[in-house]
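So the structure is just underneath, and the comments pick up after that.
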Amino acid sequence: MVNENKKVRVRFAPSPTGGLHLGGVRTVLFNYLFAKHHGGEFVLRIEDTDQSRFVAGAEEYIFDCLNWCGLTPDESPVHGGAYGPYRQSERKESYRKYAEQLVADGSAYYAFDTPAELEEMRNRFKTAESPSPQYNYILREQMRNSLTLGEEEVARLLSEDAAHVIRIKMPTDETIVFTDMIRGEVAFHSSQTDDKVLLKADGMPTYHLAVVVDDYLMKITHAFRGEEWLPSAPVHILLWKYLFGLDQMPQWAHLPLILKPDGNGKLSKRDGDRMGFPVFAMNWTDPKTTETTQGFRERGFLPEAFINMLVMLGWNDGTENEIFTLQKLVDKFTMERVHKGGARFDYEKAKWFNHEWIKHLPASHYQPRVRQLLEAEGISVPDDGQLQKVLELVKDRCTLLPDFVQQAGFFFKTPTNIDTAAIKPKWDEKKNLFFGEMMLAFDLAPSWQHEELERTFKELTAVHEIKPGELMLPLRIMLVGGKFGPGVFHVAEVLGKEETIKRIKFTLQLVQG
Ligand code: GLU
């Protein structure tokens, strides 16, 4: 599937119309991995020819997102490159000649129909079976275009600058076949597709023309995109055939859909809102409604976990392995192992990946984000070294980054909300005495290490003839505030002598009171 003499060049070609759905990021990821696996180049092209769909901030969002994921393009409007400009709106002038060439060759035609005429056509031909009739090989015969009007009339309209578009002339009876890298041979009958507009009245190409021309000019060898683009493939293949020859055409791969958790249809942003999980990569605020859709990043996912989770939605390496670094994925990724069927999204599994990555990475990796989260909760963290130690101690207990607020916060802020209800019912004078003596013993301990503290504690329980188990929970609640956290003597070690004793005293007063 890869020609050794031709450098692999792939492209991600988003239309900047909003936040990136996780399916979009997975398309980026598969592009990136394939390119890097073959020592090729990954191009990012902004497909912004439909100016009515322009959304402020959407392009920046795409770059921020790729940045966060660590999937840096080799060429893009931001990174430059030899095939620029990489924004289609800035390439406007390069498309007309291809559209005109198609007209000259008889593969496309001028259409002068006004919006009112198009509307009239739809109303006239609509039936119960076909509620929105299409401008196709049958109806084009009824419309005002260069196929139906005389040559002179067409020349006159053009010389008068009459508004017109250029449409592809779909063959009436042709089977269009291509080999998709994932689904094998795919065939379409030409009559099923309408005569798509290629060049609009304002001189802008539509997506169909621009995608083919740019894939050609940018020397793209493999084009991966979501399955929703499969119905457009016959138009693109014909354009390739008419303009550049099929031997120049990139190999196509239409990636399977990401499905709702119940497997019933494509996962949408609304499913996320309804079921309480993110679907976008990062927070996206719609500039019109100012409504924010939450993203994986803000929910507390690590980019490593996010892309690891994404790659497993539709790919595996043929083993039971599930945890992969980006570099490992670059080494292992092949299209042969991409599944044909849709992949079900499972939020619990996504969280599992994050938990694995939080455990696996050194805490220094996500320490700055955790610091921000703690500070946002009013917990100030004076010392990086101390924070690192704490994060290492509690990371096994965290699934999403905000979990660190509960799991690490009490190290830096004396808990005020102490769960005394959990110890009061079994509290007695013996325990009171024990903790009084334990404070003295701790004060005299030769070193402030968890092993030493545990030994001191256990010796004292033996002297007092109380089971250590009965005293551990009260001690934990004294230091942590609740029934959670890592080993209690580790907690004491990190807190230090003064703070440990202060917290014990404080709770003793509460339970006695
Ligand atoms: N501009 C299309 C999109 O927004 C790209 C489709 C393709 O990759 O051909 O998804």
Side-chain angles (χ1 to χ4, degrees), residues 8-35 41-55 57-59 61-63 65-66 71 73 75-77 83 85-92 95 168 178 180-183 186 188 193 196-198 200 204-240 243-244 248-258 266-269 279-281 284 314 335 338:
V8 165
R9 285 177 58 79
V10 302
R11 87 305 192 268
F12 176 57
S15 298
T17 52
L20 264 190
H21 182 277
L22 52 90
V25 187
R26 193 193 55 178
T27 303
V28 179
L29 181 60
F30 283 10
N31 267 298
Y32 177 92
L33 295 176
F34 183 82
E41 282 145 0
F42 166 47
V43 177
L44 186 129
R45 181 175 70 225
I46 298 289
E47 302 211 326
D48 57 350
T49 55
D50 188 351
Q51 285 164 340
S52 64
R53 293 175 69 212
F54 175 82
V55 177
E59 187 180 315
Y61 176 97
I62 291 165
F63 283 104
C65 180
L66 297 198
L71 303 172
E75 298 168 28
S76 81
Y83 300 88
Y86 291 92
R87 240 178 239 114
Q88 288 183 328
S89 58
E90 293 168 18
R91 303 168 68 84
K92 181 177 173 190
Y95 305 107
I168 187 168
F178 76 101
D180 186 273
M181 292 171 80
I182 298 172
R183 36 201 87 227
V186 184
F188 294 90
T193 307
K196 299 272 184 231
V197 172
L198 302 177
K200 293 183 275 190
M204 267 292 190
T206 57
Y207 158 67
H208 302 295
L209 178 64
V211 76
V212 170
V213 169
D214 285 342
D215 282 350
Y216 170 75
L217 295 176
M218 295 182 179
K219 297 199 164 45
I220 299 304
T221 58
H222 298 79
F224 305 153
R225 59 186 181 188
E227 192 180 88
E228 63 274 23
W229 295 103
L230 199 55
S232 301
V235 177
H236 301 166
I237 287 155
L238 286 178
L239 291 176
W240 271 99
L243 288 170
F244 310 115
Q248 300 290 315
M249 188 169 75
Q251 291 185 53
W252 297 100
H254 290 88
L255 306 174
L257 296 177
I258 297 183
K266 186 180 167 183
L267 179 71
S268 72
K269 176 173 101 62
V279 168
F280 281 7
W284 164 253
M335 286 307 280
V338 174

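Just follow the structure's listing: the first ligand is 1, and inside any ligand the first atom is 1. Values in this document were obtained by computation on a predicted structure and should not be read as measured data.
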Atom pairs, nitrogen or oxygen, ligand 1 to protein, under 3.5 angstrom:
residue  : atom   : partner : partner atom : Å
ligand 1 : 1 (N)  : Ala13   : O            : 2.8
ligand 1 : 1 (N)  : Ser15   : OG           : 3.1
ligand 1 : 1 (N)  : Glu47   : OE1          : 2.6
ligand 1 : 4 (O)  : Ser15   : N            : 3.2
ligand 1 : 4 (O)  : Ser15   : OG           : 3.1
ligand 1 : 8 (O)  : Arg11   : NH1          : 2.8
ligand 1 : 8 (O)  : Arg11   : NH2          : 3.4
ligand 1 : 9 (O)  : Arg11   : NH2          : 3.0
ligand 1 : 9 (O)  : Tyr207  : OH           : 2.6
ligand 1 : 9 (O)  : Arg225  : NH1          : 3.0
ligand 1 : 10 (O) : Trp229  : NE1          : 3.4

Q.
Under 6.0 Å between ring centres: does that hold for Trp240 and Phe178?
A.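 No - the distance between ring centres of Trp240 and Phe178 does not fall below the 6.0 Å cut-off.
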Q. Hey, which of Phe42, Trp252, Phe30, Phe34 is the one that makes ring-ring contact (aromatic ring centres under 6.0 Å, His included) with His222?
A.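 The ring-ring contact (aromatic ring centres under 6.0 Å, His included) with His222 is passed solely by Phe34 among Phe42, Trp252, Phe30, Phe34.
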Q | Residues Glu227 and Arg183 bridged, charged N to O under 4.0 Å | A |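 Yes.
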Q) CZ of Arg9 to NZ of Lys219: how many Å apart, nearest 0.5 Å? A)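 Answer for the CZ-NZ pair, Arg9 versus Lys219, is 8.0 Å.
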Q | Ile258 CD1 to Thr27 OG1 distance, which is reported to the nearest 0.5 Å | A |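 One gets 7.5 Å once the value is rounded to the nearest 0.5 Å.
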Q) So, Asn31 side chain and Val10 main chain: donor-acceptor pair closer than 3.5 Å or not? A)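 Not confirmed, Asn31 side chain does not pair with Val10 backbone.
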